[in-house]
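As structure tokens, the structure follows; a few thoughts come after it.
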Amino acid sequence: MWNKTLLDSIDIAGPAPDAEPQRQYYYMKKCREWAIAEQDRLGRKLTYLAETLGCQMNAKDSEKMTAILEYIGYVPGGEHEKKDGKSIDADFVLYNTCTVRENANQKIYGHLGFLKNQKEKHPSMKIALCGCMMQEDDEIEKVKKSYPFVDLVFGTYNIYKLAELLYVQISSGKRIVDVWDEPGDIVEDLPGKLKYNFKTGVNIMYGCNNFCSYCIVPYVRGRERSRLPEDIINEIKGLVDDGVTEIMLLGQNVNSYGKKFGTEAGSSADTSSVTGSDTTTFAKLLYKVNEIEGLKRIRFMTSHPKDLSDDLIKAMAECDKVCDHLHLPLQSGSSSILRKMNRSYDKESYLLLVDKIKKALPDIALTTDIIVGFPGETEEDFLETLDVVDKVGYDSAYTFIYSKRTGTPAARFPDEVPDDVIKDRFDRLLDLIHRKSEEIFSSRVGKTYEALIEETNDHDPSMVTARLSNNALVHLKGDASLIGSYIPVTLTESKGFYYIGEVKKP
Ligand code: 5AD
Ligand code: SF4
């Protein structure tokens, strides 16, 4: 959310202010001036194309960056499906990258190969790469050496500087590479565009301190730092005023919210009294968010099982707006693999936690992440994972084949699991997950739930797609006028991992 009064007051005749967000507002206005001239020259609007890989954090970062681009004057577009394939002529192409698994990196290089050719046909195109993959030295070097047509390279810590970086690029005509090793201040009051205007994500913290042995995130997104509760609440209130009714509180490990506050640049709050304070917890934040009038649903992502406190379970039970869904990454069901993964819980404690959650929240839908083929994973270890999946009964699970990430401890672990063994385990895991989720989904057929209508169905325009509090999707008859409304829907049929439903009969 931006501070419109402050934005209006910025004078771009003089030098750029040092303070944030004023500095970014200044560059946004400078770029806008340039964009107007550029549009006159070309006789058309400037277009942008933004591609986002990876998690919800990246999706949120992209929302912020596209809002900046739209303020500058870019409109979405510049991609064309043709008989002989796709063509791109966007004036600004943004790739927000992910590096959690190797195949995400390969995808980006594939895209860049294609873009080189497109840019030759449309020399006004600017190409920007940002996000997690750009925090890795090897990848920056590779882009610098082999992809000279990329105009802007930045990382995860300075996405809010997009307008400033673009302005420097425009003014100099040179490629700009600006990747920070450390996070800077948390900058408040920057614009945020919403993909859906009734729901959005809200960052509550950045970074991760867990150092799971396979994971690159702590190296590319830095140490944990939380936003002040006042800033979060103000942002949500502003969003609700703009029509948002569902928010997802975002952080790599939301359960450790409040342990360390970031330095807030542009924050209205006095940070001195709370920096380093341990008196604010995620549970307390949930109660505060739950009080916001006009807000209907609260979700959050992601919870680490080791930090999921009794207070949080109580808060989830007591806050009526908190949805009946918890994403609780398991990663492996084997205590010995979990130790090697540095997850700080074992099979038994995970199952006890799940029992506790189910007792306190009987309607909760659980989802999870599981990695197959971690170094040293034996058939016995894998059977433990199947056992947990069987006992917990997840609504759905994201399953990943272990991907070796250079620089993480696990990259040096012995006993890599052969590909054919991984494939066999992966298939067996998927099979069990599907069987269990089908059972769970069928058990709800005939019941009525409040559903938020999210979009019209891609394949059948007479249908809309809605989401239940437990995160399940349901397709029902309806049209675009229903989008954004909450309607009681009776589930008439389970399709395994989604439902067919109808508006509840009076
Ligand atoms: N290999 C495979 N999966 C991984 N994840 C994180 N790092 C790796 C890796 N190196 C998965 C975890 C995490 C999810 C976001 O991505 O399951 O929860
Ligand atoms: Fe990666 Fe573990 Fe942090 Fe999640 S909790 S981002 S898996 S290090």
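The figures that follow rest on heavy atoms only: side chains count, while hydrogens, waters and symmetry mates do not. Everything numeric here is computed off the predicted structure, so don't read it as measured data. Atoms within a ligand are numbered from 1 in the order they appear, just like the ligands themselves.
Looking only at protein heavy atoms, the nearest one to atom 1 (N) of ligand 1 is Ser403 N, 2.9 Å. Atom 7 (N) of ligand 1 has Tyr214 CD1, 3.3 Å as its closest protein atom, hydrogens excluded (heavy atom only). Scanning the protein for heavy atoms near atom 17 (O) of ligand 1, the closest one is Gln331 OE1, 2.6 Å. Closest to atom 6 (C) of ligand 1, if we only count protein heavy atoms, is Val100 CG1, 3.3 Å. Atom 2 (C) of ligand 1 has Ile401 O, 3.4 Å as its closest protein atom, hydrogens excluded (heavy atom only). Looking only at protein heavy atoms, the nearest one to atom 14 (C) of ligand 1 is Asp369 OD2, 3.5 Å. At the shortest separation from atom 1 (Fe) of ligand 2 among protein heavy atoms lies Cys215 SG, 2.3 Å. Closest to atom 11 (C) of ligand 1, if we only count protein heavy atoms, is Arg101 NH1, 3.3 Å.
Ligand 1 has no N or O atom lying under 3.5 Å from any N or O atom of Arg405, backbone or side chain.
The closest approach between any non-hydrogen atom of Arg221 and ligand 2 is not below 4.0 Å. Using a 4.0 angstrom heavy-atom cutoff, Ile216 does not count as in contact with ligand 1.
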Yes or no on side-chain hydrogen bond (donor to acceptor under 3.5 Å, both in side chains) for Glu318 and Tyr287, after CA distance, side-chain angles and deciding distance? CA-CA 8 Å; Glu318 289 178 354; Tyr287 284 106; 2.6 Å; yes

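Listed by number with element, the atoms of ligand 1 under 4.0 angstrom from any heavy atom of Tyr402 are 1 (N), 2 (C).
The aromatic rings of Tyr257 and Phe261 lie perpendicular to each other, with more than 60° between the two planes, well past the 30° mark. Ring geometry for Phe374 against Tyr402 counts as perpendicular: the plane angle is over 60°, on a 0 to 90° scale with 30° as the lower cut. Classified by interplanar angle (parallel below 30°, tilted 30° to 60°, perpendicular above 60°), the ring pair Tyr350/Tyr345 is tilted.
Ring-centre distance between Phe300 and Phe282: below the 6.0 Å cut-off.
The option with the heavy atom closest to atom 2 (Fe) of ligand 2, from among Gly207, Ser344, Cys212, is Cys212.
Taking the ring axis of Phe400 as reference, the NZ or CZ atom of Arg101 stays within 45° of it and closer than 6.0 Å to the ring centre.
Counting only N and O atoms by type, the side chains of Thr367 and His325 include a donor and acceptor under 3.5 Å apart.
Salt-bridge check for Glu20 with Lys161: passed, with a basic side-chain N closer than 4.0 Å to an acidic carboxylate O.
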